[in-house]
Each structure stands twice: as C-alpha cells, then as structure tokens.
Protein chains: 2
Amino acid sequence: MNLSIAEENYIKSIYKLQEGDEVVTTNALAYELDTKPASVTDMAKKLNAKKLIDYEKYKGITLSAEGKKAALQIVRRHRLWECFLVDKLAFSWEEIHELAEELEHVRSEKLTNRLSEYLGNPVIDPHGDPIPDAHGKMAKPRPQTSLDQANAKRLVVTAVTDQSTALLAFLNAKGIKLGTQLEIVAHYEYDNSIEIKLKQLPALTISEQVAKNIMVRPV
Amino acid sequence: MNLSIAEENYIKSIYKLQEGDEVVTTNALAYELDTKPASVTDMAKKLNAKKLIDYEKYKGITLSAEGKKAALQIVRRHRLWECFLVDKLAFSWEEIHELAEELEHVRSEKLTNRLSEYLGNPVIDPHGDPIPDAHGKMAKPRPQTSLDQANAKRLVVTAVTDQSTALLAFLNAKGIKLGTQLEIVAHYEYDNSIEIKLKQLPALTISEQVAKNIMVRPV
DNA sequence: TTAATTATTTAGATTTGTCTAAATAATATT
DNA sequence: AATATTATTTAGACAAATCTAAATAATTAA
C-alpha cells in the first residue's frame, strides 16, 4: 500500500485521536490537522476505499487493522527520528517535533531499521512515548494527561501538544521544559487559572488555556 | 523563497545539466526528470516568474544567481545525507541515492548544519563529489567522465548515473562497485563494446550503453 | 531555399488535495 | 414534539503538477 504524505498525516492523526478505540469525529480530525471538515470527509472516503479506515456517513472514523499497522510504522519513524535529533544532533525537545514530521515520511523500511539499530533500538522517545518495534509492537503508553486535568499533585512535564513558538518561548521564560518537575498549588475555577510551583522557584500562575497544552504524568 | 519538492527537483536537475554554464534544453530536462517536455515548459514559466531561472520561449533554461544558490543548498543536503547513510548506517553506494533524494527535501538549515557538524564537516560525499558548505562554496568537481569516453587507461569507478536495479544488479554480478579500479583493454567500434579488466579477474566485455552510465576518473 | 524533421509550446484535460457555500442529518433545547 | 443548534456531507470551484494531442518554431537535409 503506497500512501501519499497527506494520507499518512491523516492516518497518524486518526491514530492519535483514537486513543482507546473511540470513534474519531470529522470535526476533531479537521481541528487536529488544521484543515476543514469538508476536506476530512473527502479524505475519509478515499481512505475507506483503500480499507485503511472504517467510515460510514455521519458515523465517524476508526482505523482498520491495516490502518493501525500503517499508523504504527509512521509513529515508529517519527519517534526514531526524534531520538536521532536529540541523541546525535543535540536538538532540544521543542525543536524536534516539526523536523520529525518531515523525516517520518521517508518510507524505507531498511532505513528505519538501520536507524533504530544505530540508535541502540530505543524503546522510548525523548518525550517518554514508547517506540513501536519493526513489527508494530510497543510498550503501553505512559499515563499522560494535560496539566489542567491532572489530579496528582507532583508531576513531570512529558510533552507540549501545541508547538507554536509563542507557547514555547513562554514556557522557556518560565523555566518549564521537558522533564521539569512541578507541583499544583491551586486550581482556581474563578478565573480559569492554575497556580504551580517549580523546584527552587517561587510559585507562578498560568491559564488553563496554556495548561491544556502541557502534558504531564505523575512522578 | 519557499520551494515545493517538484520545484526543488527541477532546480537540482537544471544545475546538474548546466555543468559549465551551458543552456539546458526542454527535452534534456524532461529526459533527466523522467517527465514530458510539455510539463517542463509549464514549470519553466513558473520558475522564471520566481526569478530562479532565466527562460525565454525556445531559448532554453539557465539558473539565475538565486537559482544557483538554491541548487547548492539542495546538493549540500543530498550529499550530506549520503555521507550519513554510508558512514553511520553502513549503507552501500548503490542504495544511498534514492534515499538521499527524499531526505534532501527536509529544508531546515539548522538540521543541515548540525548534520554536517556531526559528520565532521565532510567536503566530499561517498561518490567523490564535493559538498557545498553552508555558504554554497565548494571544491572543484573531480574530473569525471563516463567510461565509454575515458581516454586514460587506468581508472577508478566514482558513480553510476543510472540507478536502475537492473544495472546495479548487473554491475554487482560483474564485481564492479564504487572504488573498483579497472583498465580498458580495448574499445571495439565494430560492435560498440568495451573490454575491461578488473584486478585479479579475467577480462570482461560490456556494451557502450552500460559504459555510458559508469562514471570514472583516472587513477 | 524549400521540404522534412525535430524541438518546443499551447490548449485543454486529469489527479490530488484543498476550499466555500449550501444542503442535510444528528443532537440539544424548549 | 417541534424548534434551534451543531455536525457532517454534497456540490462545485481552485491550485499544483502532470498529461495528450495539436500547433508552431527551429533546425537539418535535399
């Protein structure tokens, strides 16, 4: 099955949104891919015809077995390139995502496997996400939530979902990066803000909007 | 200037065909890119409008200064990835070209420069071709000719221009690879064949057609 | 120099992936 | 249950990159 770059991006996003095995809605996918719902409908028909997804009008989208296999290959390539960029080229966490977005579309299995070997067959990427092996097998994803929905007090930052330079610069200024440990001091419903404390720093307040884009897991 | 992958491939091929500063014809470019002359005319208009080439109806194509700069960046990326594939991932010479064709389109300058640094800022690629530096400067290309036009007797194989699996398998079977040294025993005009001798092997005969695709330099 | 050949361009169509605007279905509200 | 709202799909258009077939320009041969 030969997939275009656009098709690969759809498959990857559907995989990401599926999470358990939930049905993915047209609107959610359009938002994720930064495109319009009408475009998603068009592509859904095409991927359904190729048997990569199960799709029925108004019933949403799920990946077929074959679609899942394709998704895991793409995710494997993405995460291996992220390892390469951090381990070998000394890139920092906020720079690697968009580069890996491009590198992941080089579809050679031989290249992917050689790269994996070269990196020492890593099983987690720099964000802490598991890397599928050549057969698509991978460890259980770590229990991540966004910071605004975390219920544990002591947390560690594992990723940011929004890669905009504005957000990244903001986080940088606040001293928040991948692996940063923090505690939730208070969550104010009143003005949708969250007060957090980083080690050896005074407490600081961020909006729920920002917190939504910060992925964390209990530590 | 943001170039599409198609545009980059045109720029690269024009650069390759220009050699000195010769005008590139529509047909030659179509053949090089494995496309149709009509498509080349279409793209020529576009690249001319973007001021990357100088093009006038029926007068052929040359790269503008800006086009040359763009070409050198693409060539730089291509050759650096070829180094990476051979030096770090242990690929062999006949496998790297088509992978580098894809990797070269990841346009990040930071990635390119980090990669170069990681590889020890190499100045020639695995085929012996010079690698432009970050400013587009590079060493003079080695004096390569195709095997059928070589006048020296003792030669070393530096590249093959046709990357078809058929040719590569053929060369492999004959024991010819990158760096192989050979002598021209005879050149028969009569049946357009060339008799060559590899070290420690009996002489063998190949057609001019094949020889056209084998690049060599005197040793 | 006229005719034949070859090279190049134009015109119009096709594919992929996208869009807007309008229509329809599903869901929520009163 | 009827109405309003939201989600999704359809219809028709567009841009990029390509193609075929026909027209035109340039070159070569007679």
So does [X] get a side-chain nitrogen or oxygen closer than 4.0 Å to the phosphate oxygens (OP1/OP2) of [N]?
X     : N      : answer
B/N27 : C/dT8  : yes
B/T26 : C/dA7  : no
B/T35 : D/dC19 : yes

Heavy-atom neighbours of A/K212 NZ exceed 12 at 6.0 Å = yes

query = Within a radius of less than 6.0 Å around CD of A/E195, do more than 12 heavy atoms belonging to other residues, nucleotides or ligands occur?
reply = yes

request  = Only counting residues at least two apart or in another chain, list the ones meeting salt bridge (Lys or Arg N to Asp or Glu O under 4.0 Å) with A/K45.
outcome  = none

Closest to the A/Y10 side chain, choosing from D/dT20, C/dT18, C/dC19 = C/dT18

Listed nucleotide nearest any side-chain atom of B/Y58, set C/dT24, C/dC19, D/dA26 = D/dA26

inquiry  = Reading DNA chain C from 5' onward, which residue's closest nucleotide shows up sooner: B/T25 or A/D34?
reply    = B/T25

Separation of atom [atom1] in [X] from atom [atom2] in [N], rounded to whole Å:
X     : N     : atom1 : atom2 : value
A/M43 : D/dT8 : CE    : P     : 18 Å
B/Y31 : C/dA7 : OH    : P     : 14 Å
B/E56 : C/dA7 : CD    : C1'   : 17 Å
A/K36 : D/dT9 : NZ    : P     : 17 Å
B/L29 : C/dT8 : CG    : P     : 10 Å

Distance-only polar pair, side chains of A/S116 and A/N121, donor-acceptor under 3.5 Å = yes

ask   = How is the base pairing of DNA chain C summarised as a dot-bracket string, given the Watson-Crick and G-U wobble criteria with both distances under 3.5 Å, [ ] for crossing and | for another strand?
value = ||||||||||||||||||||||||||||||

Donor-acceptor pairs under 3.5 angstrom involving side-chain atoms of residues 12-23 of chain B: please list them, not counting sequence neighbours.
residue : atom : partner : partner atom : Å
B/K12   : NZ   : B/E101  : OE1          : 3.3
B/K12   : NZ   : B/E101  : OE2          : 2.6
B/K12   : NZ   : B/E104  : OE2          : 2.8
B/S13   : OG   : B/N9    : O            : 3.2
B/K16   : NZ   : B/E32   : OE2          : 3.2
B/Q18   : OE1  : B/L63   : N            : 2.6
B/D21   : OD1  : B/K68   : NZ           : 3.4
B/E22   : OE2  : B/G20   : N            : 3.4

request  = With rounding to the nearest 0.5 Å, note down the distance linking NE2 in B/H187 to CD1 in B/I196.
outcome  = 11.5 Å

query = Does A/F84 have B/K88 sitting over its ring (NZ/CZ under 6.0 Å from centre, angle to axis within 45°)?
reply = no

Selection residues 122-140 of chain A - residue pairs positive for salt bridge (Lys or Arg N to Asp or Glu O under 4.0 Å), sequence neighbours left out = A/R79-A/D125

Atom pairs, N/O to N/O, protein against nucleotides 10-13 of chain C, distance under 3.5 Å?
residue : atom : partner : partner atom : Å
C/dT10  : OP1  : B/K57   : NZ           : 2.8
C/dT10  : OP2  : B/K45   : NZ           : 2.7

request  = List in chain and number order the residues that pass side-chain contact (heavy atoms from CB on, under 4.5 Å) with B/T112, two or more places apart in sequence or in another chain; answer none if no residue qualifies.
outcome  = B/R76, B/R77, B/L80

